[in-house]
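See structure below.
Computed from a predicted structure; not experimentally measured.
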Amino acid sequence: MNFIGGDGGDDGDDKEKAEEEERERQEAIREAEERRKEKHRKMEEEREKMRQDIRDKYNIKKKEEVVEAMPQEEPNPLMRKKKTPEELAAEAEQEELDDFTKLKNQMETQVGELKTQIEGKCVMQ
C-alpha cells in the first residue's frame, strides 16, 4: 500500500510474502496430487488382485495387452497432406478386405471344428 508521503518500504515485504504464499500453495497442490495418485494406484492394485482371483477361480487366462506403436502425429494436423479420393477409396477397400478376411478365417475355423466333431461321431464301415 502506498500512502502519500509514505516511504514505500512495505512493497518489498508484501511481494516476498505473496511469493512465499504462492510457493506454499503450489507445494500443497503438488502434495495433494501425489496423495491422490498413490490412492488411485493402491485402488487399482486391489482391483487387479480381485480380477486375478476371479481368473484363477474360473481358469481364465489374462488377455495379453497389445501395445501398438501409435504413429507420431504431425506437429500441426491442419498442415498435413490431404488424401486424394483414390487414396481414401483404397483405404476403405483395404478395411473391407480386412473385415472380409477375418470373417472368412473365422468361418473356416468353425467349419473345421464341425467337421472334426462330425467325423468323431460317425463311424465308417
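Under the salt bridge (Lys or Arg N to Asp or Glu O under 4.0 Å) criterion, Glu48 pairs with Arg51, Arg55, Lys62, sequence neighbours left out. With sequence neighbours excluded, the residues forming a side chain to side chain contact (heavy atoms under 4.5 Å, CB included) with Glu19 are Lys15, Arg23, listed by chain and number. Among residues two or more places apart in sequence or in another chain, the side chain to side chain contact (heavy atoms under 4.5 Å, CB included) test is passed with Asp56 by Gln52. Every side chain to side chain contact (heavy atoms under 4.5 Å, CB included) that Glu21 has, sequence neighbours left out, goes to Lys17. Listed by chain and residue number, nothing satisfies the side chain to side chain contact (heavy atoms under 4.5 Å, CB included) test with Glu46 (two or more places apart in sequence, or in another chain).
How far CD of Glu113 is from CD1 of Ile118: 12.0 Å, rounded to the nearest 0.5 Å. Separation of atoms CD (Glu16) and CG (Asp13) is listed at 6.0 Å; rounding is to 0.5 Å. Note that CG of Leu114 and OG1 of Thr109 are 11.0 Å apart. Values are rounded to the nearest 0.5 Å.
Within 6.0 Å of atom CE in Met50, 12 or fewer heavy atoms from other residues, nucleotides or ligands are found, so the atom counts as exposed in its surroundings.
Using a 4.0 Å cut-off between charged nitrogen and carboxylate oxygen, Lys57 and Asp53 do not count as a salt-bridge pair.
Applying the side chain to side chain donor-acceptor pair (under 3.5 Å) test to residues at least two apart or on different chains, the pairs with a partner in residues 25-34 are Glu22-Arg25, Glu22-Gln26, Glu27-Arg30, Arg30-Glu34, Glu33-Arg36.
Between Lys49 and Glu45 there is no side-chain heavy-atom pair separated by less than 4.5 Å. The closest side-chain heavy-atom distance from Lys104 to Glu108 is below 4.5 Å.
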Between Gln106 and Leu103, is a side-chain contact (heavy atoms from CB on, under 4.5 Å) present by the stated rule, with each step listed? CA-CA 5 Å; Gln106 183 182 9; Leu103 182 61; 4.2 Å; yes
